[in-house]
Amino acid sequence: MIDINEIKTLSKKIFPEVLAFREDMHMHPELAFNENRTSQKVTEKLDEWGIPYKSGVAKTGIVAYLKGKNPESRTIALRGDMDALPIEEKNDVPYKSKTKGLMHACGHDVHTSSLLGTAWILNELKDEWSGTIKLFFQPSEEKLPGGASVMIKEGVMENPKVEHIFGQHVYPELPAGQIGMRPGSYMASADEVYLEVVGKGGHGALPHYNIDPIIATAQFLITVQQVISRNAPPVVPTVLSFGKINSDGGATNVIPEKVHVEGTFRTFDEEWREKAHERIREVAKGIELATGATFNLEIRRGYPFVYNDEELTEKAMQWAKDFWGAENVHELEMRMTAEDFAYFSQKAPALFYRLGVGNPEKGISYPVHSPHFDIDKKALEQSPGWMAYLALKDLE
């Protein structure tokens, strides 16, 4: 019998260590696949608590192992990511980033410290549950190819085979003490689009001597938006956005040689995803033929879409109501943002949920990826206990 009150008590007990770890990690952010100090600090805690692990997974990742009674009966996994972002922090707090130009602006310091707290709780209770729990301390969520895909290639989902996997993400839109999740398709796939348009530069007053890559690029941008929007299935959310355009040289009276464009394509359907890639290539080829410019197009395939197993999520929503209170559990909308947890969700029934961390009264309401992002520390008092409870309910 799982005792919610006992788990909540343990979560409060470990809270000071979890908070201290989060603030230390926040002060020392590290980019994708370079989480060396972070990895070392995680293993120091695991050693302190006598929890076995394998380090050096996907370069800087760690897989820890918790075994209850009858460990071969079932295996589930819990995941927390560790990398930071190339953002200069603008918060004035004691634990402000000490590394210029880097910041934990997406809450991965929260995910890692929370997962450590969960590990401690589950280890304290290991005589009260059956099965095996793998803990994935994952590098590089923010950078392709994504640490999740590398960990999977290195076999973390096998031996023993993971039946279910759970992950969390901070959500400043909800106040601390609340939680959200969504069954089914939840977050979009994300591909990167890179285009170089090569023309023939020259005097702006003599365009007939030139091949204008700016006009060719403009034609591509307008046409490709129309083609994608008119071909997208009406029930499949789709986004094609271009966020960067620049030319090599150029002036009021100078047509440049080249234009560079970068964008993103996102959706929730793999068949349409492939068709859309082909449509983008067709548009580039057509305008290349029409204008005489050369279109060098690259579409880098990114993360797949996140799918929350519907049956597992429905159960988890009820468990969440028991733990948090029904009024604090929310069903969320689909999001066009992406997450490399998607790779795990393609390998086993999964749940990726959102942890409320906001507190508008304290001015804690900035979105992730903001230089002002922070959390209400109250969230870390409850999140380790919640993930521990979630894991034990799933293993019942």
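Counting only heavy atoms from C-beta outward, the side chains of Q225 and L240 approach each other to under 4.5 Å. Counting only heavy atoms from C-beta outward, the side chains of L116 and L46 approach each other to under 4.5 Å. By the 4.5 Å heavy-atom criterion applied to side chains, L195 and F295 are counted as neighbours. For the pair L221 and I245, the minimum side-chain heavy-atom distance is below 4.5 Å. For the pair I287 and T223, the minimum side-chain heavy-atom distance is below 4.5 Å. Contact check for S11 versus E381: no side-chain heavy atoms found under the 4.5 Å cut-off. Between R301 and R273, some side-chain heavy-atom pair lies under the 4.5 Å cut-off. Using a 4.5 Å heavy-atom threshold, the side chains of C106 and L85 count as touching.
Between the N91 side chain and the V93 main chain, no donor and acceptor come within less than 3.5 Å of each other. Within the 3.5 Å criterion, the main-chain N or O of A32 finds a donor-acceptor partner in the side chain of N34. Put simply, the side chain of T60 never gets that close to the backbone of G56: no donor and acceptor are under 3.5 Å apart. A donor-acceptor distance shorter than 3.5 angstrom exists from the side chain of T112 to the backbone of D81, with no hydrogens or angles considered. K134 contributes a side-chain N or O that, together with a main-chain N or O of E158, makes up a donor-acceptor pair within less than 3.5 Å. With hydrogens and angles disregarded, no donor-acceptor distance shorter than 3.5 Å links the side chain of T264 to the backbone of S241. A donor-acceptor contact shorter than 3.5 Å is absent between the side chain of S370 and the backbone of Y366. Panel note: side chain S345, backbone A350; no donor-acceptor pair is recorded below 3.5 Å. Although no hydrogens or angles enter the test, the distance criterion places a donor-acceptor pair under 3.5 Å between the side chain of N308 and the main chain of R182. Using a distance-only test at 3.5 Å, with no hydrogens or angles considered, no donor-acceptor pair links the side chain of N123 to the main chain of A119.
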(message) Could you go through E124 and K13, starting from their C-alpha distance and side-chain angles, then the distance that decides it, and tell me whether this counts as salt bridge (charged side-chain N to carboxylate O under 4.0 Å, His left out)?
(response) CA-CA 12 Å; E124 287 290 298; K13 184 177 180 180; 5.5 Å; no
(request) Apply the test salt bridge (charged side-chain N to carboxylate O under 4.0 Å, His left out) to residues E333 and R335: give CA-CA distance (whole Å), side-chain angles for both, the deciding distance (0.1 Å), then the verdict. (result) CA-CA 6 Å; E333 299 296 323; R335 295 173 62 92; over 6 Å; no
(request) May I have the step-by-step check of salt bridge (charged side-chain N to carboxylate O under 4.0 Å, His left out) for K275 and E278, ending in yes or no? (result) CA-CA 5 Å; K275 289 181 179 178; E278 188 57 34; over 6 Å; no
(message) Could you walk me through whether E310 and K315 satisfy the salt bridge (charged side-chain N to carboxylate O under 4.0 Å, His left out) test, starting with their C-alpha distance in whole Å, then the side-chain angles of each, then the deciding distance to 0.1 Å, before giving a yes or no?
(response) CA-CA 9 Å; E310 295 189 11; K315 289 179 180 179; over 6 Å; no
(request) Show your working on side chain to side chain contact (heavy atoms under 4.5 Å, CB included) between Y95 and D109 and close with a plain yes or no. (result) CA-CA 12 Å; Y95 47 89; D109 53 343; over 6 Å; no
(request) Please report the C-alpha distance between Y389 and F323 in whole Å, then the side-chain angles of each, then the deciding distance to 0.1 Å, and finally whether the ring-ring contact (aromatic ring centres under 6.0 Å, His included) criterion is met. (result) CA-CA 8 Å; Y389 181 71; F323 189 91; 5.6 Å; yes
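In this pair, H104 and H26 present their aromatic rings tilted. The plane angle is within the 30 to 60° band. Between F305 and F268, the ring planes lie tilted relative to each other; the angle falls in the 30° to 60° range.
A donor atom on one side chain and an acceptor atom on the other are found under 3.5 Å apart for D83 and H108. Side-chain contact annotation: E30 with T38, donor-acceptor N/O pair under 3.5 Å present. Under the 3.5 Å distance criterion, with hydrogens and angles disregarded, no donor-acceptor pair is assigned to the side chains of N210 and H203. In this model, a donor atom of one side chain and an acceptor atom of the other lie less than 3.5 Å apart for Y53 and D47. A donor-acceptor pair shorter than 3.5 Å can be found between the side chains of Q40 and E44. Of the N and O atoms on the side chains of S97 and E89, not one donor lies less than 3.5 Å from an acceptor on the other residue. Counting only N and O atoms by type, the side chains of Y303 and R266 include no donor and acceptor under 3.5 Å apart. Under 3.5 Å, the side chains of Y353 and Q168 contain a donor-acceptor pair of N or O atoms. No side-chain N or O of Y194 forms a donor-acceptor pair with one of E196 less than 3.5 Å apart.
Ring-centre distance between F341 and F352: below the 6.0 Å cut-off.
The only member of V150, V162, V63 that meets side-chain contact (heavy atoms from CB on, under 4.5 Å) when paired with V156 is V63. Put simply, the residue from L122, L66, L390, I165 that forms a side-chain contact (heavy atoms from CB on, under 4.5 Å) with L78 is L122.
Figure legend: K153 and Y343 shown without cation-pi pairing, the cationic atom not lying both under 6.0 angstrom from the six-membered ring centre and within 45 degrees of its axis. At least one test fails for R79 against the ring of F344: distance under 6.0 Å to the centre or angle within 45° of the axis.
Using a 4.5 Å cut-off between side-chain heavy atoms of Ile, Leu, Val, Met, Phe, Trp and Tyr, with links allowed through other members, I375 and M82 fall into the same hydrophobic cluster. V368 and M187 sit in two unconnected hydrophobic clusters of ILVMFWY residues. Membership requires side-chain heavy atoms under 4.5 Å apart, directly or through other members. The hydrophobic clustering, which links ILVMFWY residues whose side-chain heavy atoms are closer than 4.5 Å, places M151 and L144 together. Tracing side-chain contacts under 4.5 Å through hydrophobic residues (I, L, V, M, F, W, Y), one reaches L312 starting from W324; they form part of the same cluster. Residues V110 and F166 fall within the same hydrophobic cluster, defined by Ile, Leu, Val, Met, Phe, Trp and Tyr side chains chained together at heavy-atom separations under 4.5 Å.
Considering CG of L355 and NE2 of H169, their distance stands at 10.5 Å, rounded to 0.5 Å. L19 CG to S114 OG: the interatomic distance, rounded to the nearest 0.5 Å, is 12.0 Å. Considering NZ of K200 and OG1 of T294, their distance stands at 12.5 Å, rounded to 0.5 Å. In this structure, the separation between OG on S383 and CZ on R22 is 11.0 Å, given to the nearest 0.5 Å. The CG atom of L206 sits 10.0 Å away from the CG atom of N253 when rounded to the nearest 0.5 Å. Atoms CD and NZ, from E88 and K96 in turn, are 7.0 Å apart once rounded to the nearest 0.5 Å.
Salt bridge absent: K59 and E35 never bring a charged side-chain N and a carboxylate O closer than 4.0 Å. Ion pairing between D3 and K8 fails under the 4.0 Å rule for side-chain N and carboxylate O. Looking at E298 and R300, a side-chain N of the basic residue comes within less than 4.0 Å of a carboxylate O on the acidic one, giving a salt bridge.
Counted within 6.0 Å of CD on E311, heavy atoms from surrounding residues, nucleotides or ligands total 12 or fewer; the atom is thus considered open. Within 6.0 Å of CD in E48 there are more than 12 heavy atoms belonging to other residues, nucleotides or ligands. Atom NZ of K347 is surrounded by 12 or fewer heavy atoms from other residues, nucleotides or ligands within 6.0 Å.
Summarising the geometry of I179 relative to R354, their closest heavy-atom pair is CG1-O, 3.1 Å, with the distance given to 0.1 Å.
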